[in-house]
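Right, one structure below, let's go through it.
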Amino acid sequence: MNARYHININGIVQGVGFRPFVYRLAQEEGVSGWVNNGAQGVQIEVEGPQTNLNRFLARIAQEKPTLAQIDTVQHEVIPCVDSSGFRIQASSAGEKAQTLISPDMAVCTDCLKDMRDPQNRRFQYPFTNCTNCGPRFTIIQGLPYDRPSTTMGQFEMCAACRREYEDPNDRRFHAQPIACPACGPHIWLEIKGQRIGERQAALFEAAQLIRNGNILALRGLGGFHLAVDPFNEKAIACLRRRKHRLEKPFALMIKDLQAAEAFVDLDAHSKTLLCDSRRPIVLMPRRAESKLAQGLAPGQSRLGLMLPYTPLHYLLMDQGFDALVMTSGNLSDEPIAASNEEARERLAALADGLLLHNRDIHMRCDDSVFLSTERGPLPIRRARGYVPQPICLSEPVPLPLFACGGQYKAAHALARGNQVFLSQHLGDLEHLETLDFFQESKKHLQQTLEIEPEVLICDMHPDYLSSKWARSQPMPRIEVQHHHAHLAALHAEHQLKDPILCLTLDGSGYGPDRTIWGGELLYGNPLEYKRLAWLEPVPMPGAAQAIYHPARMACAYLRALLGPDWLTAVRFTSMNEMQLQTLDQMMQSGLNSPLTSSCGRLFDAVAALIGLHESVTFEGQAAMALEALASGMENQGRYPEQEGLGPLRWHPLIEAVLEKRANGVSGRKISADFHADLAQLWCSACIQVRQQTQCNQVGLSGGVFQNSLFSRLLIRELLQNHFEIYWHQKVPPNDGGLALGQIAVASSLLRNGRVPCVSQYPVA
Ligand code: ZN
Ligand code: ZN
Ligand code: FE
């Protein structure tokens, strides 16, 4: 007895070998019909014996291709038409596609095998890929996802490739970036504008360059990397000088897991994540005895490692390297370079050689970064391998939305239905180049997803470039408070319903009272929030300048603690009398000294007080050094219980630091105690708030939660007090996750009719 089904499948089902997979399944089950890419995902009609049809349906979900992600499978019974055979129909262009593009994925083991087999026609070919691996997001220019609308469109397939491309039983059936040495892109090496070598010779020469202590720029999947020998102190110093990156740590690409063991402590979570086909950089505890250059990650207790992910990386590592520094090909803070022309212009002064190729990168995309913690991986930077995979909301947005995100570690987001598409990490929006990148990636995401946003959402900060941009657009706009967005991001990520308590601890965010927030205990949901407790504010002498001068923050806390005597009470800084007097007057008069409740700044101050960093070259550096100093030391916190909420007294913490310092206690112990005391301060605030709100769920969001020692101690305290805890797993706790929260806030305001006038944001 035959039947016929119409099946509709939604999710990431384009460009991942879904149709050929369906074709093979139909052959195996002996059913007839067709498959195509339609408006609402993959459409299938199949006819055959009922049992075969049901098995066919079940196997779709069970055996789906590696890169596919199925969100829904719907089927209905339709009349039989006595069909025979099974056909793959062409994509129906012109229809509004709702299917999703896969992120870029690391080369698969089958392709690696091809590349390492001297008999294979792709032996050592750096652009080997198949339907289970290779570039997607970075090469797609438009829809439908077919070869002509990718940067592979310019390469005419050879007869052998075409045969594979057209054979439904081949692993490369409809693999749009299919290529081979005869017809595809190739590599070459340029030194000072001269082409030095092609193909194999280029690779050999490039490796030689690195071995001789030079800097190589190589074109990868989502942009350029700068590669350097990590054991060569001079080469690293040179890279820092040229890149204007004085102290920020560099990441390493390592040959394999075994090589990684020499540099870091690998746990099971980290191993899994390192080997994942998304191949992020994983930050792990560094081994003290490794022979890596000192300049690689000064003052850091962790090291960022990743495995090779393109065929070219494997070929380069195969030249005899266990590890290579692989850092983004850019000047500090600029977007990563992606085109050959850009490399010749912008990277010529940074690199001694350029390893180029002619498969163009349409959309640049940096490496993703995760921090390995005992609770599992924490996203720090979400980009390659994850974008443009959506994050699902529990309720759909009422209309298409665009959220600008923040200013630092920027990422924007588009939303449609119950899907939020967070952009790749864009960098700090302080330069025109990054703002261009912001607009470029917005346009690309809108095009490939076919979303036309109707409302813009931005941070309420008066000066963020992204907010200024939003205000310049002739469109309805909603402005969201920074820490409310942090809370909402976490709330949305976990698809929560009820209001939660949320510790939003970070560097800075603009508060509705015009002070700078950053150490808050909020209670709320995406619709509204209340600020129940916060660190008692201190002035930030010099405003943003104070971020780069932790010593100034130390002065601010001392002054607030000790009163007028602070100038003579404690000696900790190399600043002279006059400089200190000037700071004192600034704080006295409030001149360029906004008040802040920032928790990040409190870490900075303590670092300065114990002599770690008077000034820093990147935000959070002092706090990271403070954490590194205490690594492995977990103390019990001591913080006096306090009555009532509102401004929280940080004073006992600073007093304890000063007292220990005066008694000659080691910096390591002072730091460890401070971490524990601070955890207790926040936990005791949560306990108080619980009595008031009856809410037992605590979220942890904001950049401070990248500090794993503090997170661990706080979570321990909270668990001992029977709280239910939420932390970020899909988006970063830093401002990289803000856009998701902004979408969640705007969506719930719109759904509840709370925004009649869109430039007005209601403050709870
Ligand atoms: Zn493959
Ligand atoms: Zn070919
Ligand atoms: Fe923030």
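Whatever order the structure lists ligands and atoms in, that order sets their numbers, starting from 1.
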Exercise for the section: Would you mind reporting whether Phe402 and Phe421 have side-chain heavy atoms less than 4.5 Å apart? Expected result: no
Practice task
Answer with yes or no whether the side chains of Glu493 and Gln729 bring together a donor and an acceptor at under 3.5 Å.
Solution key: no
Practice task
Please report the number of protein N, O or S atoms that lie less than 2.8 Å from the Zn ion (ligand 1).
Solution key: 4
Exercise for the section: Indicate the atoms forming the closest heavy-atom contact of Pro65 with Gly17, along with that distance. Expected result: CG-O, 3.6 Å
Completion exercise
Protein N/O/S atoms closer than 2.8 Å to the Zn ion (ligand 2) number 4
Practice task
Please find out if less than 6.0 Å separates the ring center of Tyr386 from that of Phe137.
Solution key: no
Exercise for the section: Using 2.8 Å as the cut-off, count the protein N, O or S atoms closer than that to the Fe ion (ligand 3). Expected result: 4
Handout entry: Donor on one side chain, acceptor on other, His482 and Asp735, under 3.5 Å
Key = yes
Exercise for the section: Under the ring pair (Phe, Tyr, Trp, His ring centres under 6.0 Å) rule, collect the residues that match up with Trp650, sequence neighbours excluded. Expected result: Tyr557
Practice task
Indicate, with yes or no, if the rings of Tyr23 and Phe21 have centres closer together than 6.0 Å.
Solution key: no
Problem - Sidechain N-carboxylate O distance under 4.0 Å for Asp114, Arg171 - result: yes
Practice task
Compare every heavy atom of Tyr408 with every heavy atom of Glu430, then report the nearest pair and how far apart it is.
Solution key: OE2-CE2, 3.3 Å
Practice task
Answer whether the closest heavy-atom distance between the side chains of Ile500 and Leu522 falls below 4.5 Å.
Solution key: no
Handout entry: Side chains of Arg381 and Lys409 in contact at under 4.5 Å (non-hydrogen atoms)
Key = no
Practice task
Please determine if Arg531 and Asp513 form a salt bridge, counting it only when a charged side-chain N lies under 4.0 Å from a carboxylate O.
Solution key: yes
Practice task
Kindly indicate whether the side chain of Leu595, heavy atoms from C-beta on, has any atom under 4.5 Å from the side chain of Ile516.
Solution key: no
